[in-house]
Amino acid sequence: MNLFTALRDLVLKEVAALVEAGELPQNLDTSAIAVEPPREAGHGDVATNAAMVLAKPAKRPPREIAQLIAERLKHAPDIEAVEVAGAGFINLRLAPSFWHARLREILREGADYGVVNLGKGAPVNVEYVSANPTGPLHVGHGRGTVFGDVLANLLQRLGYKVTREYYINDAGAQVDVLARSAHLRYREALGEVIGDIPEGLYPGDYLKPVGAALAARDGAKWRDVSEADWLPVVRGAAIDAMLRLIKDDLAALGVRHEVFTSERKLVEDGKVEAAFRQLEADGLIYTGVLEPPKGKPAPDDWEPRPQSLFRATKFGDDVDRPLKKSDGSWTYFATDIAYHRDKIARGFNDLIDVWGADHGGYIKRMQAAVNALSGGAAKLDVKVCQLVKLLDNGEPVKMSKRSGQFVTLRDVVERVGKDVVRFILLTRRNDAPLDFDLAKVTEQSKDNPIFYVQYAHARIHSVLRRVAEEMPEIARDVGSLEAAAFDALSDEAELGLIKLAATWPRVLEQAALAHEPHRLAFFLNDLAAAFHRLWNKGNDDPRFRFMILSDSRTTQARLGLIVGVGLVIAAGLTIFGIEPVEEMRA
RNA sequence: GCGCCCGUAGCUCAGCCGGAUAGAGCAUCAGCCUUCUAAGCUGAGGGUCGGAGGUUCGAGUCCUCCCGGGCGCGCCA
């Protein structure tokens with residue numbers, strides 16, 4: 001149960017009653033009424049702006065309306081105190097029994113706590129990674145990968161029918177470069193001395209096995225024929241190999257896409273042509289001449305050229321966008337239009353793309369295209385991930401793609417572990433740059449967010465183990481804990497921990513609606529902090545220890561509390577695709 | 001030149017579709033281990049929320065302009 005939506009319903013009910021009683025006019029717009037946690041804990045457990053929202057349409061002072069509502073709320077069950085404050089806020093304090101009931105709810109629902117059917121089975125398409133199949137993934141890719149994957153997990157958990165997709169850019173010039181690079185490695189494998197890799201080709205060693213495999217399979221067959229003859233073959237082999245490499249990298253991170261879509265195949269199947277014709281039929285394509293971009297030196301070979309343009313400006317883009325290159329082949333935009341058209345045709349009206357920051361300028365045109373293709377029915381949300389700055393103990397790790405000396409995602413996953421990568425990459429908002437320090441993220445200290453959260457979970461299980469040893473008479477199964485005497489939990493620190501854990505349903509829901517999985521990471525960090533705080537309160541004052549040898553009633557109630565917290569932490573980590581640990585010792 | 005993102009404590013960043021006295025971590029300083037793991041916790045100092053207008057009962061949050069940084073701007077993807 002999301003307690004805030006439940007209390008909002010209660011407030012709305014009282015407002016309706018006041019309308020009924022003639023205190024407030026009919027037909028009030030109540031949509032802006034919010035019930036939220038107040039910023040200041042001192043203001044109570046929840047606050048509502050109802051009176052302030054209604055003041056103007058009701059033509060009565062907000063504090064007066066607040067009094068009316070407050071008077072009624074005082075009689076509602078579980079509400080311990082109601083006060084009108086500030087400009088007309090209504091602050092509510094809920095009875096301990098209310099919070100005890102929330103704890104019982106957490107214990108009863110366990111991993112499903114906070115899970116509501118927000119999506120109602122609506123299909124959502126999440127496209128992420130979509131890196132060119134020209135080499136291994138690097139850390140920058142990792143960020144979008146984790147973001148997309150955890151967002152997909154989150155949406156799936158809340159009742160959306162999620163499909164995870166990867167778009168393979170295997171049709172452009174870059175895969176031809178890949179093919180030439182692989183052909184060089186092929187000749188090398190046949191015994192030729194190739195020397196330095198020429199400028200403009202991929203220098204990485206990862207193409208050596210591709211060349212070797214080709215030589216082993218076909219011998220010298222592709223050595224002395226023209227490029228036009230060998231290129232498609234070598235390209236196909238190289239793309240296949242790179243895709244296997246990438247899928248392995250993804251598997252090492254615990255990521256698996258359901259659908260891989262080949263750009264080349266879209267072209268071959270005439271899907272791009274079909275998308276083009278659809279837009280043409282809708283009058284959204286014309287032949288025109290684009291201005292050269294201003295503010296930077298025009299490309300050397302710039303010449304005004306009539307070309308097929310999509311009327312993106314009709315859908316909010318800044319200029320109309322070209323669909324064909326000068327050689328007659330499709331632009332990247334054109335094939336991407338076809339891909340999104342294909343997604344829409346497969347029944348998705350809710351599209352999410354996760355891109356790197358350097359593609360930010362591409363958002364408007366893609367949204368314009370989705371809008372045009374679906375007649376406004378489909379929505380595309382593009383989440384852009386900023387750069388990751390890789391550090392090792394504070395020192396920047398040198399990465400140069402040109403020399404082939406860049407740290408791969410695989411390297412990082414193998415060094416620090418997939419769980420660490422999955423969590424740390426979400427400890428910033430997607431649109432803020434992120435530092436990833438290889439040394440710090442494996443540190444066993446509170447400076448390391450994932451350690452901090454796992455440590456809280458481990459401590460909870462440590463207490464369980466101790467109680468099993470010292471007080472075996474206490475039933476520790478969730479069923480028994482649910483029935484524990486929670487009136488023993490009366491300290492504000494204990495209730496505060498329940499209160500925080502009880503906001504989990506709201507956090508889940510809001511993270512899903514906003515498409516912002518990082519909120520889960522921040523919440524878990526806060527929850528862990530609240531737990532560590534209570535733990536230390538027990539250090540300072542033995543009466544607050546979870547295990548009180550002389551008092552099995554209190555001990556069991558406190559076990560219920562921390563097991564509940566542990567369940568919420570575990571539920572959160574599971575969405576991250578991270579295994580909660582029960583002890584920290586290796 | 002235009003578009004998008006960002007600008008919050010010395011540093012790195014949160015701030016929940018506008019809500020009350022703007023938060024956390026790091027760093028600095030001062031404290032807490034005969035303990036359920038101190039792998040942790042408590043406290044203190046530190047802010048014109050880049051600037052100026054505007055909308056609103058109320059603006060870090062929305063709008064306009066300006067300043068500063070990043071990304072992008074046909075034949076790369």
Side-chain angles (χ1 to χ4, degrees), chain A residues 32 34 36-40 42-43 47 49 52-53 55-56 61-62 85-89 91 130-132 134 169 171-175 263 289-296 299 301-302 304-305 307 309 317-319 321-322 324-329 331-333 335-336 356-364 384 386-387 427-429 431-435 443-449 451-452 455-456 458-460 462-467 470 503 506-507 510-511 513-514 516 518-519 522-523 525-526 529 532-540 542 545-548 558 562 583-585:
Chain A
E36 294 175 315
R39 276 195 187 169
E40 289 282 325
H43 290 143
N49 61 356
M52 289 179 290
V53 170
K56 188 173 265 187
F89 284 99
N91 294 329
S130 297
N132 294 341
T134 55
N169 305 131
Q174 309 225 342
V175 284
E263 178 186 10
V289 180
L290 283 179
E291 295 288 312
K294 296 191 171 64
K296 68 163 193 177
D301 58 346
W302 177 272
R305 196 194 311 273
Q307 52 192 160
L309 301 175
D317 199 0
D318 312 301
V319 288
R321 304 292 180 175
K324 279 184 182 174
K325 301 179 192 171
S326 52
D327 67 357
S329 66
T331 59
Y332 179 77
F333 181 44
T335 57
D336 214 4
D358 53 341
H359 289 59
Y362 194 80
I363 297 175
K364 279 191 188 175
V384 162
Q386 277 294 339
L387 300 180
T427 52
R428 288 281 176 270
R429 275 176 44 180
D431 49 10
L434 181 146
D435 288 351
E443 224 171 69
Q444 307 261 305
S445 81
K446 66 195 166 95
D447 300 347
N448 175 3
F451 169 80
Y452 189 72
Y455 185 36
R459 274 182 154 177
I460 288 165
S462 163
V463 176
L464 278 170
R465 287 189 295 268
R466 287 299 305 266
V467 170
E470 311 275 337
T503 62
R506 185 172 190 269
V507 173
Q510 300 215 333
L513 287 172
E516 290 187 353
H518 76 275
R519 293 190 194 184
F522 281 92
F523 172 82
N525 209 61
D526 288 348
H532 288 307
R533 212 160 22 241
L534 187 57
W535 175 289
N536 267 85
K537 200 175 159 89
N539 279 354
D540 296 339
R545 291 194 189 147
F546 300 120
M547 183 173 69
I548 306 286
R558 288 179 180 170
I562 64 174
E583 60 184 323
M584 301 308 289
R585 299 181 232 271

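Letters A, B, ... mirror the listed sequences (proteins, then strands); counts begin at 1.
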Quiz prompt | Separation of the P atoms in B/rC65 and B/rC5, to the nearest angstrom | solution = 14 Å
Quiz prompt | Watson-Crick or G-U wobble partner of B/rC17, both distances under 3.5 Å | solution = none
Exercise. Would you please test A/Tyr452 and A/Asn525 for side chain to side chain donor-acceptor pair (under 3.5 Å) and show each step?
Key: CA-CA 7 Å; A/Tyr452 189 72; A/Asn525 209 61; over 6 Å; no
Quiz prompt | Gap in Å between the two P atoms, one belonging to B/rA44 and one to B/rG3, rounded | solution = 47 Å
Practice problem: Taking the side chain as every heavy atom from C-beta outward, state whether A/Trp535 and A/Ile562 have any pair of such atoms under 4.5 Å apart. | Solution: no
Exercise. Give A/Tyr452 one of three labels, base, sugar-phosphate or nothing, depending on what nucleic acid heavy atoms sit under 4.0 Å from its own.
Key: sugar-phosphate
Exercise. Rounded to whole angstrom, note down the C1' distance from B/rU28 over to B/rA52.
Key: 35 Å
Practice problem: Tell me, with the steps shown, if A/Asp431 and A/Val384 meet side-chain contact (heavy atoms from CB on, under 4.5 Å). | Solution: CA-CA 6 Å; A/Asp431 49 10; A/Val384 162; 5.8 Å; no
Quiz item: What is the nucleic acid contact for A/Tyr332, judged by heavy atoms within less than 4.0 Å: base, sugar-phosphate only, or nothing?
Solution: base
Self-check item: Nucleotide paired to B/rG7 in any strand shown, Watson-Crick or G-U, under 3.5 Å
Solution: B/rC67
Quiz item: When the distance from CG of A/Asn132 to P of B/rC76 is rounded to whole Å, what number comes out?
Solution: 13 Å
Quiz prompt | Base partner of B/rC29, which must satisfy Watson-Crick or wobble distances under 3.5 Å | solution = B/rG43
Quiz item: If you measure from the C1' atom in B/rC29 to the same atom in B/rG69, how many Å do you get, rounded?
Solution: 33 Å
Quiz prompt | Candidates B/rU37, B/rA14, B/rG3 - which lies nearest the side chain of A/Ala432 | solution = B/rA14
Self-check item: Nucleotide of B/rA14, B/rG19, B/rA20 approaching A/Ala85 most closely (side-chain heavy atoms)
Solution: B/rA20
Practice problem: Check every strand shown and say whether A/Pro62 touches a base, only sugar-phosphate, or nothing at a heavy-atom separation below 4.0 Å. | Solution: nothing
Self-check item: Sugar-phosphate only, base, or nothing, as touched by A/Lys56 at under 4.0 Å among non-hydrogen atoms
Solution: sugar-phosphate
Exercise. Measure from the side chain of A/Pro322, starting at C-beta and using heavy atoms only, and say which of B/rU37, B/rG15, B/rG74 lies closest.
Key: B/rG74
Quiz item: Between B/rA77 and A/Lys325, is there an OP1 or OP2 to side-chain N/O distance shorter than 4.0 Å?
Solution: yes
Quiz item: If only atom types and distance count, is the side chain of A/Arg558 paired as donor or acceptor with the main-chain N or O of A/Arg545 below 3.5 Å?
Solution: yes
Quiz item: Reckon A/Asn91 touches a base, only the sugar-phosphate, or nothing at all at heavy-atom distances under 4.0 Å?
Solution: base
Self-check item: Pairwise P distance, B/rU34 and B/rA27 [rounded to whole Å]
Solution: 25 Å
Exercise. Assign A/Asn49 to base, sugar-phosphate, or nothing according to its heavy-atom contacts below 4.0 angstrom with the strands shown.
Key: base
Practice problem: Could you measure between the two P atoms, the one in B/rA20 and the one in B/rU61, and give it in whole Å? | Solution: 13 Å
Practice problem: Send over the distance from A/Ile363 CD1 to B/rG70 P, rounded to a whole Å. | Solution: 19 Å
Self-check item: Residue met sooner reading RNA chain B from 5', once A/Val463 and A/Lys364 are mapped to nucleotides
Solution: A/Lys364
Quiz item: Has A/Trp535 got its ring stacked on B/rC41, by the test of a centre gap below 5.5 Å and a plane angle below 30°?
Solution: no
Quiz item: Is there a side-chain polar atom (N or O) of A/Arg459 under 4.0 Å from OP1 or OP2 of B/rA39?
Solution: no
Quiz item: Taking atom P of B/rA24 as reference, at what distance in whole Å does atom CZ of A/Phe523 sit?
Solution: 17 Å
Quiz item: Which heavy atom of A/Glu263 sits nearest a heavy atom of A/Gly172, and at what distance?
Solution: OE1-N, 4.2 Å
Self-check item: A/Leu434 or A/Gly538, whichever maps to the more 5' nucleotide of RNA chain B
Solution: A/Leu434
Exercise. Rounded to the nearest angstrom, tell me the gap between atom CG in A/Leu290 and atom C1' in B/rC75.
Key: 11 Å
Exercise. Return the stacking result for B/rA20 and A/His43: yes when the ring centres lie under 5.5 Å apart and the planes under 30°, no otherwise.
Key: yes
Quiz item: For atom P, what is the distance between B/rC13 and B/rG60, given to the nearest Å?
Solution: 22 Å
Quiz item: A/Arg519 near the nucleic acid: base, sugar-phosphate alone, or nothing, with a heavy-atom cut-off under 4.0 Å?
Solution: sugar-phosphate
Quiz item: Does B/rC36 have a Watson-Crick or wobble partner in any strand here, with both distances under 3.5 angstrom, and which is it?
Solution: none
Quiz prompt | Protein-nucleotide distance (A/Asp431, atom CG; B/rG15, atom P), rounded to Å | solution = 9 Å
Quiz item: How would you label the contact of A/Ala458 with the nucleic acid (heavy atoms, under 4.0 Å): base, sugar-phosphate, or nothing?
Solution: nothing
Quiz item: Atom CD of A/Glu36 to atom C1' of B/rG15: distance rounded to whole Å?
Solution: 12 Å
Quiz item: Is the phosphate of B/rG15, meaning OP1 or OP2, less than 4.0 Å from a side-chain N or O of A/Arg429?
Solution: yes
Exercise. For A/Glu291 and B/rG3, give me the distance from atom CD to atom P, rounded to whole Å.
Key: 16 Å
Quiz item: How about A/Phe523 and A/Thr503: do any of their side-chain heavy atoms sit closer than 4.5 Å?
Solution: yes
Practice problem: Please report, rounded to the nearest Å, how far the P atom of B/rA77 is from the CG atom of A/Asp358. | Solution: 14 Å
Self-check item: Any-strand Watson-Crick or G-U partner of B/rG1, both distances under 3.5 Å
Solution: B/rC73
Exercise. Identify whether any heavy atom of A/Pro37 sits under 4.0 Å from a base atom; if not, whether one sits that close to sugar-phosphate; answer base, sugar-phosphate or nothing.
Key: base
Quiz item: Tell me, do A/Tyr455 and A/Met584 make a side-chain contact under 4.5 Å, heavy atoms counted?
Solution: yes
Quiz item: Does the aromatic ring of A/Phe89 sit over the six-membered base ring of B/rA20, closer than 5.5 Å centre to centre and tilted less than 30°?
Solution: yes
Quiz item: How far does the P atom of B/rG46 sit from the matching atom of B/rU55, given to the nearest Å?
Solution: 35 Å
Quiz item: Reckon A/Arg305 touches a base, only the sugar-phosphate, or nothing at all at heavy-atom distances under 4.0 Å?
Solution: base
Quiz item: A/His518 near the nucleic acid: base, sugar-phosphate alone, or nothing, with a heavy-atom cut-off under 4.0 Å?
Solution: sugar-phosphate
Quiz item: Ion pair present between A/Lys325 and A/Asp327, side-chain N to carboxylate O less than 4.0 angstrom?
Solution: no
